[in-house]
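Here is the structure we will look at, set down as structure tokens.
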Amino acid sequence: MDGENPHVFSRDYAISLDAQDPLFHIRKEFCIPSKSQLNAGSLPEAESQSRDSSLPNELSVYLCGNSLGAQPRVVSERLHQHLTTWSTQGVFGHFKSLSDSPLPTWLDADTKASESIAPIVGAQPSEVAIMETLTANLHLLMCSFYKPDINGRHKIILESKAFPSDHFVVESQLLHHNLDLSTSMVSISSPSLSNPILSTEHILAVLDQHAKDTALLLLPGIQFYTGQFLDIAAITAHAHSHGIFVIWDLAHAVGNVPLSLHDWNVDAAVWCSYKYLNSGPGTIGGLFVHSRNAEDSSPPPNRLSGWWGSSKSTRFAMDNKFSPIPGASGFQLSNPSILDITALNASLEMFTKAGGMAPIRAKSLKITKYLEDLLIHSPSYQSQLFTILTPLDPAQRGAQLSLRLSDGLLDVVMHELVRRGVVVDERQPDVVRVAPAPLYNSFEDVWKFVDAFDDALNTAVQAREGKISAQGNDDLEKAS
């Protein structure tokens, strides 16, 4: 942006960017909570807010898709169609395809989801399975591919700031194999106490140091705390040069950044679907297994099995002969929740409407850079009230900037943002994570956030100095 022209920092400029945005029409396909809905204290009140046209209904600034994506409107329609199918067809819904219905049979629902997800993660459809949850899938992959030898390869390498569930999985897998955490678990820490970013060079150096006795590497595609997008291709290739199996946690990467898992030769990966895929809280997860690791002729010998991983042609024969589906689908255990998959398939329709990941990434780069520019030129940044943890190189980040506040400001800032109808998330003790999701966030959303954030920081400074209480502007309103 042209720093000499003050117009580029105006709300009108943000609105002009929205007018030029080729994805702006997708925004109306999502349910963005209004400020009055967020303030509702009961479900009936929240519902009435959306129906009563006489009430003020200004939308919130929802920049929290890195935690939970906004609901696509089509989800409720597809769920209603599913419930109608269930209520009118009963058990026949497993196999009977209804004309004029956009829904697959329940037998094929997971296959449709895999086919839709495959281009988003850069995989062959046979390399993707929609199943279980992220943590369960991580355990299933480790059961199949982590075969420690205490006299050879037994170590698992992960980052020291890994998402807690990933850390718990590694610990429990090591304990399951009666291994000592102090000798079999290696954590990659940033060399700098003030900068949590992990450079590719540092990660490769740790791999070199532990190469001869490391069995498995687990890293995030995008680090949840900093928003850093790791170099998946380079790290995977280097690990393979040392004979290390690599699993990627793509919770914050899937639907956020372009992925080419097959071409990058990634061994395996897991993800959830409720962040940038927008399928709803806690919905079904997914896994990727490269075709070379799941060939029909030589499936993983330690793989755990269930009937949904057996061939569709013989699944209902009940002959107790496991005939694994070639590829990732052979890792499935139980029949998946059709409620979950219906919501996921509905949310994936938005990616098709947007034209796939290329235009989504193009907008993401532009809107995140716009957020960065507004923040850097804000008075609060100039006053050193916060810094940006996320890499400033656009190639090293997705749709998230993590902002580290100066001491003692976070609680009041979050309180003030909520008061203003701004939804972001926090990581104690001092980080605010802001995620402009390109499918439904606008440039005006970003402008509104930075304006509210600057005000919230000023209020938090006053509270820290004892000029007002920690309740922030609530005190000012009562006194006025």
Side-chain angles (χ1 to χ4, degrees), residues 64-69 116-123 127-130 133-135 137-138 141 158-159 161-163 165-166 169 196-198 200 203 217-236 239 246-279 283-290 328 344 347-348 350-351 354 356-365 367-368 389-391 393-402 425 433-439:
C64 207
N66 58 325
S67 184
L68 178 67
S116 298
I117 285 278
I120 294 175
V121 299
E127 295 175 316
V128 175
I130 303 304
T133 59
L134 187 154
T135 301
N137 287 334
L138 194 50
L141 288 176
L158 73 164
E159 49 155 343
K161 300 295 185 182
F163 191 77
S165 196
D166 286 6
V169 167
I197 299 301
L198 295 173
T200 300
I203 293 172
L217 171 67
L218 171 63
L219 287 175
I222 288 184
Q223 212 282 339
F224 81 99
Y225 180 77
T226 65
Q228 179 189 3
F229 182 16
L230 273 65
D231 191 338
I232 296 175
I235 295 169
T236 298
V246 187
I247 300 177
W248 289 92
D249 178 343
L250 303 177
H252 287 264
V254 66
N256 180 6
V257 292
L259 299 168
S260 299
L261 300 184
H262 179 84
D263 291 345
W264 291 340
N265 210 23
V266 166
D267 288 308
V270 294
W271 59 83
C272 57
S273 62
Y274 49 81
K275 299 180 187 295
Y276 297 98
L277 294 183
N278 311 303
S279 67
T283 44
I284 198 161
L287 62 76
F288 164 89
V289 181
H290 199 283
L344 174 59
S347 68
L348 294 176
M350 297 300 99
F351 286 80
M357 284 304 299
I360 291 172
R361 176 60 168 171
K363 178 179 175 180
S364 179
L365 290 169
I367 197 170
T368 308
L389 288 180
T390 309
D393 176 5
Q396 295 186 55
R397 68 188 185 199
Q400 174 185 319
L401 293 184
S402 297
D425 77 355
R433 302 188 306 168
V434 188
L439 280 176

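The structure presented is a predicted model; accordingly, all values stated were derived computationally and were not measured.
- A donor-acceptor pair under 3.5 Å is formed between the side chain of T390 and the backbone N or O of S402.
- A side-chain donor-acceptor contact under 3.5 Å links S347 to the backbone of L277.
- Of all the heavy atoms in I130 and V128, the pair that sits closest is CD1-CG1, 4.0 Å.
- A side-chain contact (heavy atoms from CB on, under 4.5 Å) with S273 is found for one member of T283, L134, N278 and no other, namely T283.
- Looking only at distances, a side-chain donor or acceptor of Q228 sits under 3.5 Å from a matching main-chain atom of L198.
- Taking OG of S279 as the reference point, atom CE of M350 lies at 13.0 Å (rounded to 0.5 Å).
- Between A354 and L439 the shortest heavy-atom distance is CB-CD2, 3.7 Å.
- Using bins of under 30°, 30° to 60° and over 60° for the plane-to-plane angle, the ring pair H252/F224 lands in the tilted bin.
- One distance of note links CG of L141 with CG of L138; it measures 6.5 Å at 0.5 Å rounding.
- Residue F288 comes nearest to V266 through the heavy atom pair CE2-O, 3.2 Å, listed as atom of the first residue, atom of the second, then distance.
- Looking at H290, its side chain does come within 3.5 Å of a backbone N or O of H262 through a donor-acceptor pair.
- For the pair V257 and F229, the minimum side-chain heavy-atom distance is below 4.5 Å.
- Using a 4.5 Å cut-off on side-chain heavy atoms (C-beta onward), P391 and I197 make contact.
- Distance check: L287 CG to E127 CD gives 11.5 Å after rounding to the nearest 0.5 Å.
- The minimum heavy-atom distance linking G255 with I360 is given by the pair O-CG2, 4.5 Å.
- Note: L259 CG to I120 CD1 = 9.5 Å, rounded to the nearest 0.5 Å.
- Rounded to the nearest 0.5 angstrom, L217 CG and I235 CD1 are separated by 7.5 Å.
- Here the side chain of R397 pairs no donor or acceptor atom with the backbone of G227 at under 3.5 angstrom.
- A side-chain donor-acceptor contact under 3.5 Å links N256 to the backbone of A399.
- In this structure, the side chains of L261 and W248 stay at 4.5 Å or more apart for every pair of heavy atoms.
- Side chains of V169 and L218 form no contact here, defined as non-hydrogen atoms less than 4.5 Å apart.
- A donor-acceptor pair is defined here as one N or O able to donate and one able to accept, closer than 3.5 Å; no such pair exists between the side chain of T200 and the backbone of D231.
- Looking at N137, its side chain never comes within 3.5 Å of a backbone N or O of T135 through a donor-acceptor pair.
- Not one N or O on the side chain of T226 forms a donor-acceptor pair closer than 3.5 Å with the backbone of L389.
- The shortest non-hydrogen separation linking P436 to T368 is CG-OG1, 4.0 Å.
- Residue Y276 holds its OH atom at 13.0 Å from CG of L250, rounded to the nearest 0.5 Å.
- In this structure, the side chain of Q223 engages the main chain of Y225 through a donor-acceptor pair within 3.5 Å.
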